Peer 1: 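The structure is given below, and queries will be raised subsequently.
Values in this document were obtained by computation on a predicted structure and should not be read as measured data. Both ligands and their constituent atoms are indexed starting at 1 by order of listing.
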Amino acid sequence: MAHELPPLDYPYNALEPHIDEATMKLHHDMHHAAYVAGLNNAEAKLAQAREAKDFSLVKHWERELAFHGAGHFLHCIFWKNMSPNGGGKPQGSLLEQIRRDFGDYESFTAQFKAAATAVEGSGWALLVKNSMTGKLEILTSEKHQNLSQWVVAPLLVLDVWEHAYYLKYQNRRAAYVEAFFNVINWTDVQQRFDNAA
Ligand code: MN3
């Protein structure tokens, strides 16, 4: 099922004067649309590679998958994160957890604004919930991909830093990757799959 550019929930000019109509139109119709097209293309190319059992370009298409996937999914959230009726303060359980994890709302906004301002070059500031600790955190991303799509729940992870295999496998990472499949705890992976939001 191909990804599609979701329409905005509000007119292009609805966020004026804070975010202008021309920017919204360009950002949504051109930039976001390009991510959607790029993501669909990357997924199609990877399907072709699986079909042909030819992964010679897998690094390229995984990069494309991350770049366009991150772009698509983050923009979907970004548009929904804004509203012509927005502003004000969070309430209820979100406000409570912000207070618990950042001290108070003002400290949260101070850190978020500072973090967003300090991103070098292109990127994002993100308020996230850590699925291991259940805590809220502010993270930043230089660019947005760096091989991640962000809105994913890790189910099965494999460390391919050299320290994870070099003593035994030296430069033969593929042999280490092969061996990993002999020790995967699929029960754990299944549980993470069942629990993923
Ligand atoms: Mn953008």
Side-chain angles (χ1 to χ4, degrees), residues 1-47 49 57-91 94-95 97-98 101-102 105-131 135-155 157 196-197:
M1 176 70 181
H3 301 277
E4 291 177 2
L5 180 67
L8 295 175
D9 294 336
Y10 39 81
Y12 296 108
N13 64 1
L15 303 179
E16 296 262 13
H18 309 290
I19 301 183
D20 62 283
E21 178 175 6
T23 296
M24 287 297 292
K25 211 166 179 2
L26 189 69
H27 199 172
H28 177 270
D29 292 6
M30 305 303 286
H31 289 265
H32 189 168
Y35 291 129
V36 173
L39 177 59
N40 285 330
N41 187 46
E43 289 185 349
K45 289 299 197 303
L46 284 165
L57 293 177
V58 71
K59 184 192 283 191
H60 170 72
W61 291 115
E62 290 289 351
R63 285 184 191 283
E64 290 287 290
L65 185 72
F67 176 71
H68 294 291
H72 173 47
F73 299 130
L74 285 174
H75 283 88
C76 286
I77 298 171
F78 182 55
W79 309 132
K80 295 272 188 195
N81 278 167
M82 299 186 290
S83 160
N85 307 312
K89 280 176 63 168
Q91 307 290 328
L94 177 59
L95 181 59
Q97 183 147 0
I98 285 173
D101 295 336
F102 298 99
Y105 176 70
E106 289 66 33
S107 301
F108 157 72
T109 58
Q111 183 181 337
F112 191 93
K113 291 171 188 173
T117 306
V119 172
E120 287 181 9
S122 307
W124 296 75
L126 310 100
L127 172 65
V128 304
K129 184 174 178 185
N130 184 309
S131 64
K135 282 190 163 188
L136 299 178
E137 292 178 299
I138 293 165
L139 297 178
T140 55
S141 163
E142 291 179 1
K143 304 190 286 180
H144 59 222
Q145 69 281 24
N146 285 357
L147 313 188
S148 166
Q149 291 185 339
W150 281 101
V151 285
V152 297
L155 304 181
V157 302

Peer 1: Give a yes or no on whether the ring-centroid distance for F78 and W124 is below 6.0 angstrom.
Peer 2: yes
Peer 1: The Mn ion (ligand 1) is nearest to which N, O or S atom of H75?
Peer 2: NE2
Peer 1: With respect to the Mn ion (ligand 1), please indicate if H32 possesses an N, O or S atom at a distance under 2.8 Å.
Peer 2: no
Peer 1: Strictly under 2.8 Å, is the Mn ion (ligand 1) approached by any N, O or S atom of H31?
Peer 2: no
Peer 1: Identify, with sequence neighbours excluded, every residue that meets side-chain hydrogen bond (donor to acceptor under 3.5 Å, both in side chains) alongside K80.
Peer 2: D9
Peer 1: Check the angle between the aromatic planes of H3 and H72 and answer parallel, tilted or perpendicular using the 30° and 60° thresholds.
Peer 2: perpendicular
Peer 1: Is there a ring-ring contact (aromatic ring centres under 6.0 Å, His included) between H27 and H75? Walk through the geometry before answering.
Peer 2: CA-CA 9 Å; H27 199 172; H75 283 88; 4.8 Å; yes
